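Structure first, then comments.
Here is the naming used below: chain letters follow the sequence lines, and residue numbers restart at 1 for every chain. Because the structure is predicted, anything quoted here is derived from the model rather than measured.
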Protein chains: 4
Amino acid sequence: MPRPRSDEKRIALLEAATRIIVTQGLSAPTAGIAKEAGVPNGSLFTYFETKTELLNQLYLELKSEMAGTALKGLPAKAEPRERFFRVWRNWTNWAVTFPEKRQVLAQLSVSGEITAQSRADGHKMMANLAELADRSRANGPMRKAPLGFVLAIMNSVAEATMDYMTQDSTNAKKHCKEGFDALWRMVE
Amino acid sequence: MPRPRSDEKRIALLEAATRIIVTQGLSAPTAGIAKEAGVPNGSLFTYFETKTELLNQLYLELKSEMAGTALKGLPAKAEPRERFFRVWRNWTNWAVTFPEKRQVLAQLSVSGEITAQSRADGHKMMANLAELADRSRANGPMRKAPLGFVLAIMNSVAEATMDYMTQDSTNAKKHCKEGFDALWRMVE
Amino acid sequence: MPRPRSDEKRIALLEAATRIIVTQGLSAPTAGIAKEAGVPNGSLFTYFETKTELLNQLYLELKSEMAGTALKGLPAKAEPRERFFRVWRNWTNWAVTFPEKRQVLAQLSVSGEITAQSRADGHKMMANLAELADRSRANGPMRKAPLGFVLAIMNSVAEATMDYMTQDSTNAKKHCKEGFDALWRMVE
Amino acid sequence: MPRPRSDEKRIALLEAATRIIVTQGLSAPTAGIAKEAGVPNGSLFTYFETKTELLNQLYLELKSEMAGTALKGLPAKAEPRERFFRVWRNWTNWAVTFPEKRQVLAQLSVSGEITAQSRADGHKMMANLAELADRSRANGPMRKAPLGFVLAIMNSVAEATMDYMTQDSTNAKKHCKEGFDALWRMVE
DNA sequence: GATGAATGAGGCTTCATTCAT
DNA sequence: GATGAATGAAGCCTCATTCAT
């Protein structure tokens, strides 16, 4: 299938999918997504061969946006802790700003719809973040632990922090800092 | 004095559901679950009014089993750290021993099928664990953070640890310890 | 410019429904109706959102056809009695010609499936007939009775007449006249 | 199947059926009827072999009650008109007093569930009424019309009258009289 | 007999995907 | 390409009836 002329509808569909999936779950009908996007139901399939394909692209899109946002404006020269905190703040803020996106990403991640390839691609997008984490723990107590493990923990603390920031958004900033400090205590 | 409702079938259905959902996801047909349980499809509905009801009961069952296992054999008198580690070990071991149960629990947790009531009931089952966590952080750096936040982090580190233990099960014991130490560094 | 929705299928479905309902009642499966109409079962639902919707539309269709037939070719200028008789003849003939339609209409009318809206719409279709009745009784013994009552009686005598015409169709014409005369005696 | 010991439950079931069918239609589940009657669902089938059987007996029961009420206290010696009016009043009053019974009887009558035998039995119950009608028209304009036809018309006018009495129950008595007068004008 | 759990065929409806226009 | 009607397999759930206790 040739690439469709404009990306407009593709993006409209992806955004609509996010909105619909938040409320209806992954089993939301493609027709509903198309309608929400203001696109005829049949056309969805000229942009995405199958529903699974749409879901995988959505996964990548969200992951990419998340990673991009986290790493945006990262100062090239600064203390590791400072650099890491910058990323942490961007990252968690993204989640608080777009809770639906985070939720959908979570749903997609546990679902069986995402292919190994997509997961691998998704991980690549987090590569810079991983590198940052790797350096941060270089002299700390987890210096000998497998990087994957450290990343997993970092990710999970981030998730918990995001949850709490979203839940109690008036103190979001404070929770953001607390989460970071806790993480730092673990690795450094 | 009619045939009494058999608890066996109820359990068979719940276990079958776990097995089926691991491979097919939450959208697995009820007929498939019934078949796997060796029960006629219509009978599923004499034990669970709807599929959603089945899912909610499964959630509670798994949560309850997980909490029960974690707290089993907890020595009444011991150092907090020791007590907590005992729980941690039980908990993560359960996840490694029954990866399907954990996976299904994860799917259920993010799905929209679980009612607020079920979630509340599920939380209650973790109450003892929560208390333990509360005491552990009493003199540490997170002593002023909201308990919910501490629990969320604890939970997320546990998740990461379980993931890693499952993935690299030869070193499961080591990862279990590492995860715990990381957590302890955060709170104490 | 997709395939336009075919009115043919809609009508085929309505006619099939009539045929099926006569023999199987209102509980006739939609699949059976679709099959009888030579249409795939799923397609029934592109023409009628639900079975109830199909039933309501069928009700209206039949009512409309009945009213239309009754009033067809009504001479603008003629004695009231003459005009009324014309209608009466058309009306009862329709019932004798299409006994299945009448029977289905009867089933629908007593069933709980027909909405108040549909009933109201159905009544409107009989408005001209009602007007005719109203004029006919204007100088008779029922001139002071509520119009609704007169209409109900008229309708019920018509029903009885139709029954008898159908049952003993060789004398249909005679019964038609007798029914009309009886009715006329009542109102004029 | 041997006759069950007591008629209590049988009657409870029949009455429950009436109540349930009014609101849910003839497709009401037997389990619902049993529950409404305070009888275990399985027991329904010791009183009625099948659902159809229950429906037929209900039909007969209602028909019998209706006829019985109509003919109750009929003065042996009185003018035909007077006698007939007595019956008419009883009959229509019954319908106004028990609108659910009438409605259910109507539903049953048009449904395909009632056997020819039941219908025949039902007609027999109206025999006295038929005889009355026959005498009433003996010298009137319908003296040569088939008795069946006259009965049908009588029945249908009664139906219309009942409808109107129920609808506008404050003037029930008046409508009762009006209906009767209209009928009388037709036959006498 | 009384009870209510058990059964499995079948009903209505949904939906991803295709395809006529 | 764009559109939305068409398709039919499949899903959840219902229910009359049977039967173990």
Establish, with yes or no, whether the OP1 or OP2 oxygen of [N] is under 4.0 angstrom from a side-chain nitrogen or oxygen of [X].
X	N	value
Ser43(C)	dA6(F)	no
Lys9(B)	dT7(E)	yes
Tyr47(C)	dA5(F)	no
Lys35(A)	dC15(E)	no
Thr30(D)	dA16(F)	yes

Exercise. Starting at the 5' end of DNA chain E and moving along, which residue's nearest nucleotide shows up first, Glu49(C) or Val39(B)?
Worked result: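 Residue closer to the 5' terminus by nearest nucleotide: Val39(B).
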Between [N] ([atom2]) and [X] ([atom1]): distance, integer Å:
X	N	atom1	atom2	answer
Glu53(D)	dA16(F)	CD	P	15 Å
Leu13(C)	dA6(F)	CG	P	10 Å
Glu8(C)	dA6(F)	CD	P	11 Å
Ile33(B)	dG11(F)	CD1	P	11 Å
Leu44(C)	dG8(F)	CG	P	14 Å

For this session: Just name whichever nucleotide pairs with dA20(F), Watson-Crick or G-U, keeping both distances under 3.5 Å, else none.
Result: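 Across all strands, the one nucleotide that pairs with dA20(F) is dT3(E).
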Problem set entry | Assigned partner base of dT13(E), Watson-Crick or wobble definition, under 3.5 Å |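 Base partner found: dA10(F).
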Exercise. Between Ser43(A) and Thr46(A), is a side-chain hydrogen bond (donor to acceptor under 3.5 Å, both in side chains) present by the stated rule, with each step listed?
Worked result: CA-CA 5 Å; Ser43(A) 295; Thr46(A) 81; 5.3 Å; no
For this session: Could you tell me whether Phe48(B) contacts a base, only the sugar-phosphate backbone, or nothing, with contacts defined as non-hydrogen atoms closer than 4.0 Å?
Result: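 The answer is nothing, as Phe48(B) stays clear of every strand by at least 4.0 Å.
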Problem set entry | Residues from residues 20-29 of chain D lying under 4.0 Å of DNA chain F - heavy atoms |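 Nucleic-acid contacts, sorted: Ala28(D), Pro29(D).
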Exercise. Hey, which of these two, Pro40(C) or Gly42(B), hits DNA chain F nearer its 5' end, going by closest nucleotide?
Worked result: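 Upstream on the strand: Pro40(C).
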Between [options], which one does the side chain of [X] approach most closely?
X	options	result
Thr50(C)	dA5(F), dT13(E), dT7(E)	dT13(E)
Thr46(C)	dT7(E), dT14(E), dT7(F)	dT7(F)
Phe45(C)	dT18(F), dT13(E), dA16(E)	dT13(E)
Arg5(C)	dA2(E), dT18(F), dA6(F)	dA6(F)

Problem set entry | Straight-line distance of Glu113(D) CD to Leu108(D) CG, nearest 0.5 Å |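 One finds 8.5 Å between CD of Glu113(D) and CG of Leu108(D).
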Exercise. How many angstroms lie between atom CG of Leu62(D) and atom CG of Leu58(D), to the nearest 0.5 angstrom?
Worked result: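 Answer for the CG-CG pair, Leu62(D) versus Leu58(D), is 4.5 Å.
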Inspect the contact between [Y] and [X] and indicate whether a charged nitrogen and a carboxylate oxygen are less than 4.0 angstrom apart.
X	Y	value
Glu159(B)	Arg102(B)	yes
Arg19(D)	Glu36(D)	yes
Glu61(B)	Arg10(B)	yes
Glu65(D)	Lys101(D)	yes

For this session: Establish whether the base of dA2(E) is bridged to the side chain of Asn41(D) by a donor-acceptor pair shorter than 3.5 Å.
Result: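 Looking at the base of dA2(E), it does not pair with any donor or acceptor on the side chain of Asn41(D) (distance under 3.5 Å).
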Exercise. Does any non-hydrogen side-chain atom of Thr30(D) lie less than 4.5 Å from one of Phe48(D)?
Worked result: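 A side-chain contact under 4.5 Å is absent here.
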